[in-house]
Amino acid sequence: MDSILVVNAGSSSVKFQVFAVESEGALRRLIKGQVDGIGSRPRLRASGAGNDPMADRAYPIETIPDVPAAMQVAGEWLRNEARIHPLAVGHRVVHGGPDYVRPILVDHGVVARLERFVTLAPLHQPHNLAPIRSILANFPTIPQVACFDTAFHRTHDALADHYAIPHQLHAEGVRRYGFHGLSYEYISRTLPQIAPDIAKRRVIVAHLGSGASMCAMKNGLSVESTMGFTALDGLPMGTRPGQLDPGVVLYLLSEKGMTASKVQDFLYRDCGLKGLSGVSNDMRELEASLDPQAKLAVDYFVYRIGLNAGMLAAALQGIDAFVFTAGIGENSSGIRARVAEQLGWLGVALDPAENTRHSRLISAKTSLIPVYVVPTDEELMIAQHTLTLLMNGQSPNSRHERVS
Ligand code: ADP
């Protein structure tokens, strides 16, 4: 059976999914798995399409000290036990820099170019590239496709992607990129089936998960995003602060004596809902908690979504629909209700029963703006891109595009 392997590698986990390629290029999910606890308590888990368990094994730390080792263990399990021999592998790569506007077939030259963006996403890019490199070394004939979280936002007007800093820094890549692009692209492709009348109009999509951002779309294309140079900006997240005056960073450096790497760790791991609440980074725990700091964290999250929606509505010069997606957006009717209240001034009103049922359309009939819940599927998006590039058979270099 023909299949596509999708790999999403982070610092402590390698997630993977396998899709069967069916007639006329349709994709069917076969396996979902991950190796997590890399370098601490490594564990391989995998399940089939109906969530039936296929593997659950712990490994000694020496067996899986890093991402390449995790990829090797996952690859051996896929080949030897699940009997998967993929036609191609699609990878999530967080940063495509200013150049890549769509997914690309990778070779050593492309990997070298993507290395340049390690400094723009130091906590993600090296881990994303590690499995690409190990598959290139061990299985050089398997086509690999890199799918970027930044690419969907390359339709922004140049003005939207600037910071007010000297041009030289912009030229070397210090600019607003936007992230969660694979999720927004999936929503953009799905909306025409759900709501054909609004899919081409002005839509704000709120991707609310452990990472959170919002995207303003017009005609299915991104025109503005709450995230910028890195995935730290914009909305507060599980452990990241979202928008922060750069003066706070200067204060941490000069007054608290923190080194740059301490500040980096602090901003990625100790802030956001976790830092503000002192309770948890998990929205479920915060919603259930009676702790006043947990309440403050939830209030702040909702308030900032409202503020950012106003900014995106200004970028779009109006709004015709609002979409919730990702872990919190898809599952928390409480957060959706509170966000809708914040958007009341725009004429948004929810139907409480439809919201509680997690229906596709959750706005009241009287709402001036329809509100949707659309589950995202970044892995399917990667598998689709991979299959498309495979069928088109383009060489890596022909996919290298500049937009500026
Ligand atoms: P990521 O892919 O960025 O890791 P997800 O999109 O899976 O994140 O979202 C994970 C977050 O979604 C969890 O941290 C949790 O806070 C939140 N979440 C999941 N289910 C619920 C729920 N029923 N109610 C509230 N929050 C939820």
Side-chain angles (χ1 to χ4, degrees), residues 6-17 32-38 45 47 51 91-94 121 123-124 127-128 147 149-150 178-187 190 205-215 225-227 230-242 268-289 291 294-295 297-302 304-305 323-340 350 355-359 362 373-382:
V6 171
V7 176
N8 181 359
S11 57
S12 64
S13 74
V14 173
K15 296 182 186 156
F16 57 89
Q17 294 196 15
K32 216 173 175 172
Q34 62 178 36
V35 179
D36 57 18
I38 295 172
R45 267 175 285 215
S47 54
N51 267 343
H91 298 265
R92 177 187 208 155
V93 177
V94 72
L123 295 191
H124 295 98
H127 307 299
N128 301 157
C147 301
D149 263 321
T150 48
F179 297 87
H180 292 135
L182 292 159
S183 172
Y184 294 127
E185 189 178 10
Y186 176 82
I187 303 291
T190 306
V205 183
H207 175 109
L208 310 177
S210 310
S213 72
M214 292 161 77
C215 175
S225 155
T226 57
M227 276 182 169
T230 67
L232 283 171
D233 204 1
L235 302 179
M237 296 166 238
T239 58
R240 292 170 252 164
Y268 278 94
R269 299 190 215 281
D270 296 332
C271 294
L273 298 174
K274 177 182 166 195
L276 187 52
S277 69
V279 172
S280 171
N281 60 339
D282 191 314
M283 187 55 84
R284 284 165 289 206
E285 287 181 38
L286 296 176
E287 284 190 289
S289 171
D291 189 310
K295 181 180 172 330
V298 177
D299 288 350
Y300 184 76
F301 184 69
V302 170
R304 300 301 301 194
I305 294 170
V323 177
F324 286 100
T325 194
I328 300 171
E330 292 166 27
N331 297 301
S332 174
S333 53
I335 294 293
R336 290 195 302 256
R338 295 198 51 196
V339 169
L350 289 196
N355 184 37
T356 308
R357 274 200 287 276
H358 307 292
S359 300
I362 57 169
V373 177
V374 181
T376 194
D377 196 339
E378 290 148 299
E379 287 77 16
L380 179 62
M381 199 68 246
I382 294 171

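None of these values were measured; they are calculated from a predicted model. What's counted below: heavy atoms across the whole structure, side chains too, no hydrogens, waters or symmetry copies. Counting starts at 1 for both ligands and their atoms, following the listed order.
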When you measure from [atom] to every protein heavy atom, which one gives the shortest distance, and what is it?
atom: atom 16 (O) of ligand 1; answer: Met283 N, 2.7 Å
atom: atom 6 (O) of ligand 1; answer: Gly327 N, 2.8 Å
atom: atom 23 (N) of ligand 1; answer: Asn331 CB, 3.3 Å
atom: atom 17 (C) of ligand 1; answer: Ile328 CG1, 3.4 Å
atom: atom 4 (O) of ligand 1; answer: Ser210 OG, 3.0 Å
atom: atom 24 (N) of ligand 1; answer: Arg284 CG, 3.5 Å

Tell me, please: is Gly238 in heavy-atom contact with ligand 1, that is, under 4.0 Å? no
Counting from 1, what ligand 1 atoms have a heavy atom of [X] closer than 4.0 Å?
X: Gly211; answer: 3 (O)
X: Asp282; answer: 15 (C), 16 (O)
X: Glu287; answer: 24 (N), 25 (C)

What are the two closest non-hydrogen atoms of Ala9 and His127, and how far apart are they? CB-O, 3.3 Å
Exercise: identify the closest heavy-atom pair between Thr325 and Pro375: OG1-C, 3.8 Å
Take atom 1 (P) of ligand 1 and look for protein heavy atoms under 4.0 Å from it; say yes if you find one, no if not. yes
Using modelled atom types and a 3.5 Å cut-off, is there a donor and acceptor pairing between side-chain atoms of [X] and backbone atoms of [Y]?
X: Thr239; Y: Lys274; value: no
X: Glu185; Y: Gly181; value: no
X: Arg92; Y: Asn128; value: no
X: Ser13; Y: Lys15; value: no

So His207 and Tyr184, would you call those rings parallel, tilted or perpendicular, with 30° and 60° as cut-offs? perpendicular
Consider side chain to side chain contact (heavy atoms under 4.5 Å, CB included). Of Thr356, Val302, Asn355, which one does Arg336 pass it with? Asn355
Output yes when the distance from some N or O of ligand 1 to some N or O of Leu208 is under 3.5 Å, and no in every other case. no
